[in-house]
Amino acid sequence: MSGDGRRYVVIGGGLAGLACAVWLAEAGKDVTLLERRARLGGRTHAMHAERVEDRADNGQHVIASGYEHLFRYLASVGTRDFVVFPRTSTLRWPDGRQVTVQTSGLGAVRTLFGVHPDAGIADRLRAARATVRLGWQALHPPPDLADLTTEQWLQRVGMPAPAREALWDWLALGIAAEPVARGSAKVFATVMATGFRMAVKHRTPVNIGYPTVDLDTLFVSGALRVFTERGVTVRYRAVARRVQISEGAVTGVLLADGTVVPADDVVCAVPNSNIVGLLDELPEHDEIYSAADELGYTPIVSTNLYLDRPLGTASAFEGLIGGTGIIDEVFDRQIMHGRSTDHGWLYCLTTSGAYEQIGRTGDDIVSEQMALLRRYYPAAADAEVVEAQVVKMPKATFAQVVGMDSLRPPQRTSVPSLVLAGDWTATDWSATMESAAQSAARAVDLLLTRP
Ligand SMILES: Cc1cc2nc3c(=O)[nH]c(=O)nc-3n(C[C@H](O)[C@H](O)[C@H](O)COP(=O)(O)OP(=O)(O)OC[C@H]3O[C@@H](n4cnc5c(N)ncnc54)[C@H](O)[C@@H]3O)c2cc1C
């Protein structure tokens with residue numbers, strides 16, 4: 001370790017904290033990572049399914065090709081090759097109709113302009129015109145965009161119903177994790193604009209991909225290797241209570257057990273749900289706490305279903321149109337991970353904006369998801385559930401609803417040796433892994449370039 005004699009402490013071992021710790025260690029710094037749980041990974045982690053001897057995830061995570069900071073992290077921890085970008089996906093309707101959607105090249109442009117089997121030529125032309133308007137307004141936002149829901153924006157640009165049903169509504173839901181009637185048009189527009197810029201920079205449209213391994217292998221195992229090589233100290237079950245500041249500089253982090261971890265620089269990489277109290281000694285703490293509170297939460301429910309037979313999916317991930325009306329995607333872990341089916345076939349379903357599901361029991365959710373699969377896949381009719389995991393996350397991300405975007409605090413604080421990171425801080429992205437990674441890049445940059 002070359003070191004500058006300063007002690008860097010990162011609070012929070014989710015993706016943002018891991019990225020900060022890895023990049024500070026790469027820069028030769030003396031780093032301690034504090035994580036309140038007994039494991040790293042935060043909201044992206046694998047779970048053991050004992051009965052079927054398998055490892056599934058707490059929720060399916062997809063990755064956009066424009067996630068440049070996330071890819072930088074994966075390169076740092078040696079797992080970049082575990083993400084692939086399929087060229088096609090499938091949309092299904094309950095009556096058995098299905099459409100193959102191209103997700104790259106010219107086919108992707110066709111997808112943008114309407115793939116619904118019921119869309120006539122007039123609808124497709126309207127969809128093309130509306131898509132161009134949407135793109136233009138994403139890059140040159142009208143002054144009132146921040147006051148609109150995504151639905152109002154789609155209506156305003158004249159997006160026809162079939163194009164919304166087959167693409168735009170669920171794309172917007174996927175990005176903001178909120179139903180279009182609640183989701184902020186500004187959030188959607190910002191992500192679209194970032195996507196366009198990435199596409200121009202890399203001369204290829206932004207594509208959606210997925211990991212071919214579980215989330216611990218993707219994010220945590222490689223980080224632990226870096227930590228061992230570079231001498232990073234990881235403290236598990238270390239609950240940070242308050243960052244101590246004296247005369248405008250950080251001096252340490254007080255833990256719940258009453259001990260203090262001495263620090264010269266601190267990255268606070270906890271979610272908005274855990275920030276209160278930590279920054280009490282920072283002059284602007286009231287402002288940050290009230291933003292954290294106002295940002296609120298969106299629930300996500302994930303279900304891992306191990307079935308006794310294959311469903312007959314055509315793609316790694318498929319969109320079910322007209323399902324629960326929120327967002328229904330089925331991820332086939334056999335295609336994605338090439339996993340053995342000795343103990344059953346694993347299908348992962350994630351419901352974003354799960355305001356209704358979140359209050360139901362695990363058994364009810366499994367029955368509901370099986371009923372959904374039976375409407376779309378004939379093979380599901382007689383399928384038995386061998387094992388099921390239901391993960392209910394009431395505070396999955398902050399709520400990306402109208403008016404929230406401007407609340408996100410920057411990484412910089414008034415104390416130069418204290419920075420913030422995490423998906424909820426101000427970035428070019430919605431609450432995503434890329435937002436977590438970008439916030440980490442900015443936070444580390446602020447510390448490393450400080451005079
Ligand atoms: C089910 C689900 C599906 C998702 N799907 C996608 C997707 O498809 N694509 C995508 O890009 N994003 C997706 N996301 C969002 C993505 O997972 C998050 O944006 C990202 O993981 C957030 O990382 P983070 O480091 O900011 O926060 P976290 O992962 O929450 O990490 C914060 C860490 O801080 C720790 N901590 C908190 N308080 C303290 C304290 N006082 N002391 C010490 N440690 C503390 C926590 O235990 C945690 O480990 C999904 C999220 C969920 C829940």
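We count ligands from 1, going down the list as the structure has it; atoms in each ligand are counted the same way.
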Check: Would you say ligand 1 has an N or O under 3.5 Å from any N or O of Tyr67?
Finding: yes
Note to self: Between ligand 1 and Val239, is the shortest N or O to N or O distance under 3.5 Å?
What the structure shows: no
Item checked: Atom indices of ligand 1, in the order listed, that fall short of 4.0 Å to a heavy atom of Gly422 -> 26 (O)
Check: Does ligand 1 have a heavy atom under 4.0 Å from the side chain of Met393, from its backbone, from both, or from neither?
Finding: side chain
Checklist line | Proximal candidate to atom 8 (O) of ligand 1 [heavy atom criterion; set Val10, Thr44, Val62] | finding: Val62
Checklist line | Proximal ligand 1 atoms for Ile11, defined as those under 4.0 Å from one of its heavy atoms | finding: 42 (N), 43 (C)
Margin query: Does ligand 1 come near enough to Ala240 that some N or O of the ligand is less than 3.5 Å from an N or O of the residue?
Written below: yes
Next item on the list: Would you confirm whether the ring centroid of Tyr67 sits within less than 6.0 angstrom of the ring centroid of Trp429?
Entry: yes
Next item on the list: Please could you name the atoms of ligand 1 that Ala436 approaches to less than 4.0 Å, counting only its heavy atoms?
Entry: 23 (O), 26 (O)
Checklist line | Heavy atom of Ala440, distance to ligand 1 below 4.0 Å | finding: no
Margin query: For Gln60, state whether at least one heavy atom is located under 4.0 Å from any atom of ligand 1.
Written below: yes
Note to self: Treating Arg182 as the side-chain partner and Thr149 as the backbone partner, does any N or O pair qualify as donor plus acceptor under 3.5 Å?
What the structure shows: no
Item checked: Contact check: Ala16 vs ligand 1, nitrogen or oxygen atoms, below 3.5 angstrom -> yes
Note to self: Check for me whether Thr350 has a heavy atom closer than 4.0 Å to any atom of ligand 1.
What the structure shows: no
Notebook entry, point to check: Does ligand 1 have an atom that lies less than 4.0 angstrom from a heavy atom of Ser435?
Noted result: no
Checklist line | Subset of ligand 1 atoms that lie under 4.0 Å from at least one heavy atom of Val270 | finding: 36 (N), 37 (C), 38 (N), 39 (C), 45 (C)
Notebook entry, point to check: At what distance is the nearest protein heavy atom to atom 37 (C) of ligand 1, and which residue and atom is it?
Noted result: Asn274 OD1, 3.5 Å
Note to self: Are any of the N/O atoms on Thr397, whether in the backbone or the side chain, positioned under 3.5 angstrom from an N/O atom of ligand 1?
What the structure shows: no
Note to self: Taking atom CZ as the centre, does Arg412 end up with more than 12 heavy-atom neighbours from other residues, nucleotides or ligands that are less than 6.0 angstrom away?
What the structure shows: no
Note to self: Test of understanding: given a 4.0 Å heavy-atom threshold, classify the contact between Ala64 and ligand 1 as side chain, backbone, both, or neither.
What the structure shows: neither
Item checked: Over 12 foreign heavy atoms within 6.0 Å of CZ, Arg237 -> no
Notebook entry, point to check: Hey, are Tyr289 and Glu294 close enough side-chain-wise for a donor-acceptor pair under 3.5 Å?
Noted result: no
Check: Quick one: does His61 get an N or O within less than 3.5 Å of an N or O on ligand 1?
Finding: yes
Notebook entry, point to check: At their closest point, which heavy atom of Ala437 faces which heavy atom of Leu70, and how far apart are they?
Noted result: CB-N, 3.6 Å
Note to self: Taking the cut-offs as 6.0 angstrom to the six-membered ring centre and 45 degrees off its axis, would you call Arg164 and Trp170 a cation-pi pair?
What the structure shows: no
Margin query: Counting only heavy atoms not in Glu26 (residues, nucleotides, ligands), do more than 12 fall under 6.0 Å from its CD?
Written below: yes
Margin query: With heavy-atom distances below 4.0 Å as the criterion, list the atoms of ligand 1 near Ala269.
Written below: 32 (C), 34 (O)
Check: Which one of Arg36, Lys392, Glu35, His45 has a non-hydrogen atom at the shortest distance from atom 48 (C) of ligand 1?
Finding: Glu35
Checklist line | For atom 15 (C) of ligand 1, the protein heavy atom that lies nearest, with its residue and separation | finding: Ala431 O, 3.7 Å
